[in-house]
Novice: 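Sharing a structure with you now.
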There are 2 protein chains.
Amino acid sequence: MQNSEAMALSTALLAVAGELTQRINEGVLARGFEGIRPAHGFAFVRLAPDGATVTELAAHLGVTKQAASQLVDEIVRKGYAERRAHPGDARARLIVLTERGWACTRAAEEAAAEVVRGWGQVLGEGEVRALWRQLGSIAPYGRIRPTW
Amino acid sequence: MQNSEAMALSTALLAVAGELTQRINEGVLARGFEGIRPAHGFAFVRLAPDGATVTELAAHLGVTKQAASQLVDEIVRKGYAERRAHPGDARARLIVLTERGWACTRAAEEAAAEVVRGWGQVLGEGEVRALWRQLGSIAPYGRIRPTW
DNA sequence: CTCTATGGTCAAGCTGCTTGACCATTACGT
DNA sequence: ACGTAATGGTCAAGCAGCTTGACCATAGAG
């Protein structure tokens, strides 16, 4: 594959990713969750299963732990998460989603599903699943870099 | 497709996009083009064919024209582009890439090709082309939003 | 039971974006 | 033509989110 073709593929991927991010964020805001930015969504993804420490969150987001701490301040202040004592390490705090945080996460899933349904109308269900499988097998582990 | 599946697909897409952006940027820097950020790359894409005005660039990047103007200041100062008189509109200026700007664009294409080759080793050439076709048909027109 | 490493926060600074104001040129309405 | 509004662009100030640097509390290693 030629370099220019690789760049065309890259551009298409980044365009789709940019639009997806924007539409999910708009969908979340439209469902009444104010003051939420895409970076918060990436944080929620990491917090959702069982919570995480500030340091773990920082690694997931690819920022300093100070920045992650500030982000946690913000979502705590807005009622989406809370800091709890960490079981087994008195230094650490476990950040967990509140019920409102979970509701926000569900809203993001709904918004994502809306966008993906639109893809399904263009590509068909089978191709969307193929896309999922392909992206899943080339996606890096663990970390998401919301910076570009 | 369930909401949680749509979110998993979205997460994979965004993870791939984030890694791609990072790797392209690293590749460009490694080829000796300093002081370049991903946002510059998105600008170069718009400037490459025939140049563009600041306002057009702002629309492409999804930022204010003041921000686009500052970005142009920066890439002009670093020697990647220059402002020329606009033929046919004395208010406007046409921003065009310099030879160094073109060299940087080619470096970005090489870096993108490296990443895509890696995908080819996992998926195979045919699937990568399928990915390209699928993404191309769901990509939005014109604008890229480098904000999330 | 020191000594070092780790989790977390506070404080200050920087960068890239925004809003607001303004000038030059163009397009429109009469 | 001519005056008014719209458009392209820049200057200036402010702000939000990130960084670096310093620091404290607890954990783990010897």
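Order of the sequence lines sets the chain letters (A, B, ...), proteins ahead of strands, with each chain counted from 1.
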Novice: Summarise protein proximity over nucleotides 2-15 of chain C in one line of letters, 5' to 3': B for base, S for sugar-phosphate only, - for none, counting protein heavy atoms closer than 4.0 Å.
Specialist: ---BBBBBB-----
Novice: Given atom CG of B:Leu57 and atom P of D:dG8, what is their separation to the nearest angstrom?
Specialist: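 Rounded to whole Å, this separation is 13 Å.
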Novice: Under the salt bridge (Lys or Arg N to Asp or Glu O under 4.0 Å) test against B:Arg31, which residue among B:Glu26, B:Glu109, B:Glu114 passes?
Specialist: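 Exactly one pass, corresponding to B:Glu114.
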Novice: List for me each residue that meets ring pair (Phe, Tyr, Trp, His ring centres under 6.0 Å) alongside B:Phe44, sequence neighbours excluded, and say none if there are none.
Specialist: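 Here the qualifying residues are B:Tyr80.
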Novice: For B:Thr64 and C:dC17, is the shortest distance between a side-chain N/O and OP1 or OP2 below 4.0 Å?
Specialist: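 No.
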Novice: For the helix from C:dC1-D:dG30 to C:dT30-D:dA1, figure out the bend between the end axes, five pairs an end, and round to 10 degrees.
Specialist: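 About 30° separates the two local helix axes.
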Novice: May I have the list of side-chain donor-acceptor pairs in residues 48-58 of chain B shorter than 3.5 Å, sequence neighbours left out?
Specialist:
residue	atom	partner	partner atom	Å
B:Thr53	OG1	B:Glu56	N	3.1
B:Glu56	OE1	B:Thr53	N	2.9

Novice: Can you check the A:Phe42 CZ to D:dG17 C1' distance for me, whole Å?
Specialist: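 For the pair A:Phe42 CZ and D:dG17 C1', the rounded distance is 16 Å.
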Novice: Need to verify one output field. Residue with the more 5' nearest nucleotide on DNA chain D, A:Ala67 or A:Gly88?
Specialist: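 Its nucleotide being nearer the 5' end, the pick is A:Ala67.
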Novice: Base, sugar-phosphate or nothing for B:Ala90? Non-hydrogen atoms, less than 4.0 Å.
Specialist: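 Sugar-phosphate: the residue B:Ala90, judged by heavy atoms under 4.0 Å, touches backbone atoms but no base.
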Novice: Please name all residues satisfying side chain to side chain donor-acceptor pair (under 3.5 Å) with B:Lys65, sequence neighbours left out, ordered by chain then number.
Specialist: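 For B:Lys65 there are no side chain to side chain donor-acceptor pair (under 3.5 Å) partners, ignoring immediate neighbours.
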Novice: List the residues meeting side chain to side chain donor-acceptor pair (under 3.5 Å) with B:Gln70, not counting sequence neighbours, and say none if there are none.
Specialist: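 B:Gln70 satisfies side chain to side chain donor-acceptor pair (under 3.5 Å) with no residue once adjacent residues are dropped.
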Novice: What pairs with B:Glu99 under salt bridge (charged side-chain N to carboxylate O under 4.0 Å, His left out), at least two apart in sequence or on another chain?
Specialist: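 B:Glu99: salt bridge (charged side-chain N to carboxylate O under 4.0 Å, His left out) contacts with B:Arg106.
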Novice: Who are the salt bridge (charged side-chain N to carboxylate O under 4.0 Å, His left out) partners of A:Arg100, not counting sequence neighbours?
Specialist: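 A:Arg100: no salt bridge (charged side-chain N to carboxylate O under 4.0 Å, His left out) contacts found.
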Novice: Which residues pass the side chain to side chain donor-acceptor pair (under 3.5 Å) test with B:Gln66, sequence neighbours left out?
Specialist: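 Testing B:Gln66 for side chain to side chain donor-acceptor pair (under 3.5 Å), a comparison that skips the adjacent residues, returns none.
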Novice: In this structure, how many angstroms lie between the P atom of D:dA16 and the CG atom of A:Leu71, rounded?
Specialist: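 Answer to the nearest Å: 15 Å.
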